[in-house]
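Presented below is the structure to which this report refers.
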Amino acid sequence: MQPALPTSPSEPMAAGSSGVAGDDSGQYLSLERLKRQYYDYLGAKANEVEEARVARHYYHGDQWTDEEIKVLRRRKQPVVTSNRIERKINAVVGIVEKLRQDPKAYARTPQHEQGADVATAVMRYCLDTNDWASKSTRNARLGAIDGIAGIEFDLETGDHGDPDLGIHIVYADTFFYDPRSFDEGFTDARYMGIAKWIDVDQAKELIPSKASEIDDLMETGSDITTSADQDREKAWVNTSLKRLRLVDHWYINKAKWCWTLYIGNVKMMEGLSPLHDEKGKTFPRFRMFSANVDHDGDR
């Protein structure tokens, strides 16, 4: 999946932002605080991330260690895997698909029958245009393997210039969230987002107004070697492959959901969430779920 640019104002820096990296007094959090949240997740959820990685390998039948393979080869035995895990997960996904039904809105009173029909048509149109039948199956499989799955919303330009709702799959190996969250639906999370590697050219296409800053990152990324914090910054820039780690970070500040797009020590764009519920409250672009949550909060 291509990294989707958050729905946002056309300006690189939304109105009301101080633009100062260490300033939390404005409408948005400072870059240092956002990165601290991201690092908190990496530190607190290291075991969970590793468990999900192992689970993906087991699903694909890649569960033999190098030492075990060497022993089998020394014995002249073939490496044979009876992958019952894949078969079981696919069976569960098949049951989910078999029980799936088309969404339908019901009127609370007889006077609202027509409105319910319109709501049903809108929901089905949105799901059909986003190929939800296919994405639902893949999401169920990801939830069974990784323990975390979900979608992200985008406001896209429709055929008549009006906004359409886009729905994309979120992969667990790019997703991060508030490690204090215990709810299966992440409703108690104070922040969440995705972080993934992208090419320099792709970063410039997504954020053309920040092309010069992106070039500066590529020039200075390999020279950061003086302190522990700066050594950590190497993970944000890969100069040899000309790739950058782009983070789409959504968080609650002053009772509103905000977003910031950043690479390393540079904020690319930020703004308030354009998504609102029926009560006018903002919510993030991510709708995630977990198959289960243990007593430690691990998914």
Side-chain angles (χ1 to χ4, degrees), residues 1-4 38-39 41-100 130-152 167-177 179 184 186 193-199 202 231-232 234-247 286 288-299:
M1 182 186 67
Q2 298 296 325
Y38 179 54
Y39 287 136
Y41 164 79
L42 295 178
K45 295 296 182 178
N47 292 336
E48 176 183 292
V49 172
E50 177 61 20
E51 186 177 357
R53 188 191 69 81
V54 172
R56 287 191 291 271
H57 281 259
Y58 267 64
Y59 176 79
H60 293 292
D62 181 21
Q63 56 199 48
W64 296 92
T65 65
D66 293 338
E67 200 61 37
E68 290 169 340
I69 293 175
K70 288 180 181 178
V71 171
L72 289 174
R73 287 177 176 172
R74 189 167 61 247
R75 295 174 179 173
K76 308 293 185 183
Q77 292 178 314
V79 180
V80 179
T81 304
S82 178
N83 196 340
R84 297 178 179 270
I85 295 175
E86 180 186 22
R87 187 172 67 183
K88 183 63 176 180
I89 288 178
N90 290 344
V92 172
V93 173
I95 293 174
V96 172
E97 287 301 295
K98 184 178 180 180
L99 298 177
R100 184 179 61 183
N130 283 282
D131 189 24
W132 179 245
S134 169
K135 293 178 180 178
S136 174
T137 305
R138 291 151 62 193
N139 245 342
R141 186 184 301 112
L142 291 173
I145 298 172
D146 296 305
I148 297 177
I151 58 173
E152 60 180 349
I167 300 176
H168 309 284
I169 292 178
V170 176
Y171 295 94
D173 57 347
T174 66
F175 182 70
F176 68 91
Y177 63 93
E184 288 88 347
F186 296 89
I194 55 175
K196 59 178 65 177
W197 289 98
I198 64 172
D199 295 333
Q202 189 176 7
D231 284 339
R232 219 169 183 179
K234 287 183 177 180
W236 297 92
V237 180
N238 187 326
T239 55
S240 59
L241 298 178
K242 294 187 177 180
R243 297 193 304 170
L244 305 161
R245 182 180 293 278
L246 179 68
V247 180
F286 302 101
M288 308 295 293
F289 73 92
S290 290
N292 192 24
V293 183
D294 67 13
H295 58 280
D296 292 323
D298 287 337
R299 312 281 169 167

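For R73, the CZ atom sits in a loose shell: 12 or fewer heavy atoms of surrounding residues, nucleotides or ligands are nearer than 6.0 Å. Around atom CD of E86, more than 12 heavy atoms belonging to other residues, nucleotides or ligands sit under 6.0 Å away.
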Run the side-chain contact (heavy atoms from CB on, under 4.5 Å) check on E152 and F286 step by step: do they pass?
CA-CA 4 Å; E152 60 180 349; F286 302 101; 3.5 Å; yes
For the pair I169 and R138, evaluate side-chain contact (heavy atoms from CB on, under 4.5 Å) and give the outcome as yes or no after the intermediate values.
CA-CA 8 Å; I169 292 178; R138 291 151 62 193; 3.5 Å; yes
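Note on residues 289-299: pairs passing side-chain hydrogen bond (donor to acceptor under 3.5 Å, both in side chains), not counting sequence neighbours, are K45-D298, S181-R299, S290-R299.
At a threshold of 4.5 Å between non-hydrogen side-chain atoms, the residues Y171 and L142 count as touching. With contacts defined as side-chain heavy-atom distances shorter than 4.5 Å, the pair E48/I148 qualifies. Contact check for Y41 versus V49: side-chain heavy atoms found under the 4.5 Å cut-off. M288 has its side chain within reach of V170: a pair of non-hydrogen atoms, C-beta onward, lies under 4.5 Å apart.
Here the straight-line distance linking atom CZ of R141 with atom CD of E97 works out to 9.0 Å at 0.5 Å rounding. With rounding to the nearest 0.5 Å, the separation of CH2 in W197 from OG1 in T174 is 14.0 Å. Annotation: the span from H168 atom NE2 to N130 atom CG amounts to 7.0 Å, rounded to 0.5 Å. With rounding to the nearest 0.5 angstrom, the CD1 atom of I167 is 10.5 Å from the OG atom of S136. For the atom pair CD (E67) and CG (L72), the distance works out to 11.0 Å, reported to the nearest 0.5 Å. In this structure, the separation between CD1 on I145 and NE2 on H60 is 5.5 Å, given to the nearest 0.5 Å.
For the side chain to side chain contact (heavy atoms under 4.5 Å, CB included) with Y58, the qualifying choice from I85, I89, T81, N83 is I85, the only one to do so.
Contact between A149 and G143 at its shortest, heavy atoms only, is CB-N, 3.5 Å. Closest of all the heavy-atom pairs between E68 and Q63 is OE1-O, 4.1 Å.
With sequence neighbours left out, N90 forms a side-chain hydrogen bond (donor to acceptor under 3.5 Å, both in side chains) with Y59.
Using a 4.0 Å cut-off between charged nitrogen and carboxylate oxygen, R56 and D146 count as a salt-bridge pair.
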